[in-house]
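Because the structure is a prediction, the values reported are computed rather than measured.
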Amino acid sequence: MSELRRFVLFHASGEPSPEALALLDASPGVKIIDRTQTRAMLVQASLETIDLLSRELVGWTIAEERFHAGPGPAMPAQTRDLGPTRS
């Protein structure tokens with residue numbers, strides 16, 4: 001079994017057709033994680049399954065979900081020795 005990944009599916013021209021939604025619902029190996037947005041949804045599936053679906057889902061943009069680490073705790077200010085100070 002292939003590794004399951006999460007993908008964002010975005011329908012560029014507005015609300016997807018009922019046929020496209022039915023295809024996603026009926027596709028084995030596809031789990032819909034979030035469908036709260038009209039034009040986008042988050043699904044979990046294998047890369048192979050998404051590749052097959054992408055041929056059927058005309059008008060959709062499909063991208064693997066990516067996470068980016070947020071900024072960490074504030075770094076302490078670095079100090080450097082500038083040598084003796086002049087007065």
Joint hydrophobic cluster, Trp60 plus Leu52, side-chain heavy atoms closer than 4.5 Å: no

Nearest-0.5 Å distance, CD1 of residue Ile50 to OG of residue Ser2: 12.0 Å

Point-to-point distance, once rounded to the nearest 0.5 Å, from CG of Leu57 to OG of Ser27: 7.5 Å

Test item: Gln37 and Val8 side chains (from C-beta on) under 4.5 Å apart, heavy atoms: no

Distance-only criterion, 3.5 Å: show the donor-acceptor pairs between side-chain atoms of residues 38-47 and protein atoms not counting sequence neighbours.
{"unit_1": "Arg39", "atom_1": "NE", "unit_2": "His11", "atom_2": "O", "d": "3.3"}
{"unit_1": "Arg39", "atom_1": "NH2", "unit_2": "Ala12", "atom_2": "O", "d": "2.7"}
{"unit_1": "Ser46", "atom_1": "OG", "unit_2": "Thr49", "atom_2": "N", "d": "3.1"}
{"unit_1": "Ser46", "atom_1": "OG", "unit_2": "Thr49", "atom_2": "OG1", "d": "2.9"}

Cluster overlap Ile62 with Val30, hydrophobic side-chain contacts below 4.5 Å: yes

Full working for side chain to side chain contact (heavy atoms under 4.5 Å, CB included) between Leu9 and Leu24: CA-CA 11 Å; Leu9 283 65; Leu24 287 166; 3.9 Å; yes

Residue pairs passing the salt bridge (charged side-chain N to carboxylate O under 4.0 Å, His left out) test where at least one lies in residues 57-70, sequence neighbours excluded: Arg5-Glu64, Arg6-Glu65

